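Read through the structure below, which is laid out as structure tokens, and then see the notes.
When a ligand or atom number is given, it counts from 1 through the structure's own listing order. This structure is a prediction, so every number in the text was calculated from the model and none was measured.
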Amino acid sequence: MSDQRIERGLRELYDQDPERADWLVFGRIPEADRRGFLKGAGLAAMVAAVGAAIPFARNMPSGLIPAALADTHAGFTLYGKEGLIVRNDRPVNLETPPHLLDPDVTPIANFFVRNNGGVPDEASDRDAWKLTIDGEVERPLELTLAELKAGFEPVTLQLQLECGGNGRAGFNPSPRGNQWVIGAVGNGEWTGCRLADVLGRAGVKPSAVYTGHYGADPHLSGEAGRPSISRGVPIAKAMDPHSLIVWGMNGEPLPLIHGGPLRVVAPGWPGSCSQKWLTRIWVRDREHDGPGMTGMSYRVPRHPVAPGAEVPPEDMVVMESMPVKSVITAPETMARVAAAAPFEVRGHAWAGDRAVRALHVSIDFGATWMAVPITEPVNRYAWQHWRILVTLPTVGYYEIWARATDDAGVMQPHVVPGWNPRGYGNNAMHRIAVTAT
Ligand SMILES: Nc1nc2c(c(=O)[nH]1)N[C@H]1C(S)=C(S)[C@@H](COP(=O)(O)O)O[C@H]1N2
Ligand SMILES: [Mo]
């Protein structure tokens with residue numbers, strides 16, 4: 001079921017754009033490297049990949065795949081995100097294996113990446129980055145990042161961000177798109193200001209219905225000015241004090257790959273509502289209709305449909321809150337533990353706009369369940385954490401299943417929930433394999 005397919009091999013990546021490949025794989029910056037002079041972190045990454053020092057590294061041309069890697073069929077990883085699974089490299093899409101989600105706040109190195117287009121160039125002066133607020137407002141605004149930092153109350157919150165298509169790999173027939181298994185999710189500690197405060201300064205007119213977000217990432221076609229994605233949220237979600245305009249992540253300036261200098265984080269909703277490289281918020285008098293809002297995108301059938309059904313567009317509605325879900329982060333699947341001895345099983349749970357009320361774990365394929373204590377979130381929309389000591393009675397193969405229940409009593413399903421044309425919202429229980437010896 002788990003699809004570890006790499007969309008393009010290393011050789012193909014290098015054939016098509018060797019300098020970009022260098023940047024992706026080794027973090028070599030082509031401009032600084034024109035004559036192939038390899039140093040610093042890029043060299044360290046290459047040394048680690050080939051498994052030995054490279055005495056003549058200074059002669060190595062940029063865009064050259066080390067022969068040690070060129071003829072292997074092994075997958076490749078991206079610089080700074082070494083532990084992640086490459087679901088696609090153009091656009092860059094990286095999934096986190098569940099055991100790397102173990103820390104309460106997901107480290108930047110482990111945080112999944114979902115791009116629909118390219119990555120813009122790093123801004124030479126981040127504080128000069130401009131954001132426009134226009135449309136159904138009394139006073140259209142143009143604010144620099146420096147003005148956002150100085151002019152609005154700063155907020156730091158832990159907020160979960162999950163791709164709408166997380167779990168897509170579980171649907172059958174298989175919808176097209178990244179075959180995310182479970183790790184297109186993370187819990188970041190984000191610093192920024194409230195979207196509501198900025199909209200308040202602009203003065204939202206009574207005619208305002210929805211936001212439309214725009215970012216600076218280039219479309220894969222190379223067509224200038226064509227957005228890769230432009231989604232938005234209803235005004236009520238934009239006005240929620242947890243919807244932020246963000247410039248910091250885990251205490252650092254927001255990394256370029258996560259939308260730096262500036263992005264939206266609209267927690268609990270499909271990740272696509274959280275526009276990266278944010279340049280404009282267009283306040284609209286109707287549901288936004290940018291790329292990613294219409295047709296089948298980020299929409300689900302109004303009524304349940306049979307797997308594989310053709311659903312007419314008028315029966316598709318915009319997906320809002322993500323469903324209740326949990327992940328087992330320790331032990332790592334395929335672990336071996338001692339029989340008849342307790343060991344810790346732990347993980348996190350979240351529930352879109354809701355909170356998680358209960359968490360249960362089973363070691364006998366769901367026949368019996370243990371209630372597991374779960375923490376309160378540090379703030380609304382933060383991950384909740386759980387842990388329990390489990391003992392496997394005899395030697396043999398076990399599965400550990402985890403199941404969260406939200407505060408409206410809705411529980412994660414045992415099997416894949418309602419099929420939908422693009423494969424959104426699969427919140428089936430997470431299962432791991434553990435062998436007792
Ligand atoms: N400008 C822009 N914003 C974007 C995207 C994008 O392609 N371009 N992808 C969206 C999607 S689909 C998701 S799931 C999240 C992923 O955020 P991350 O890459 O920081 O994990 O960013 C969203 N914001
Ligand atoms: Mo997404």
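- The ring of Phe111 has its center closer than 6.0 angstrom to the ring center of Trp190.
- Atom CD of Glu376 has 12 or fewer neighbouring heavy atoms from other residues, nucleotides or ligands inside a 6.0 Å radius.
- For the pair Arg284 and Trp282, the distance from NZ or CZ to the six-membered ring centre is under 6.0 Å and the angle to the ring normal is within 45 degrees.
- For a heavy-atom separation below 4.0 Å, the residues in contact with ligand 1 are Phe111, Phe112, Val113, Arg114, Asn115, Asn116, Leu161, Cys163, Asp217, Ile229, His258, Arg263, Gly271, Ser272, Ser274, Gln275, Lys276, Trp277, Tyr298.
- Not less than 6.0 angstrom separates the ring centroid of His288 from the ring centroid of Tyr210.
- Between Pro270 and Tyr298, the shortest heavy-atom contact is CB-CD2, 4.3 Å.
- For Lys130, the NZ atom sits in a loose shell: 12 or fewer heavy atoms of surrounding residues, nucleotides or ligands are nearer than 6.0 Å.
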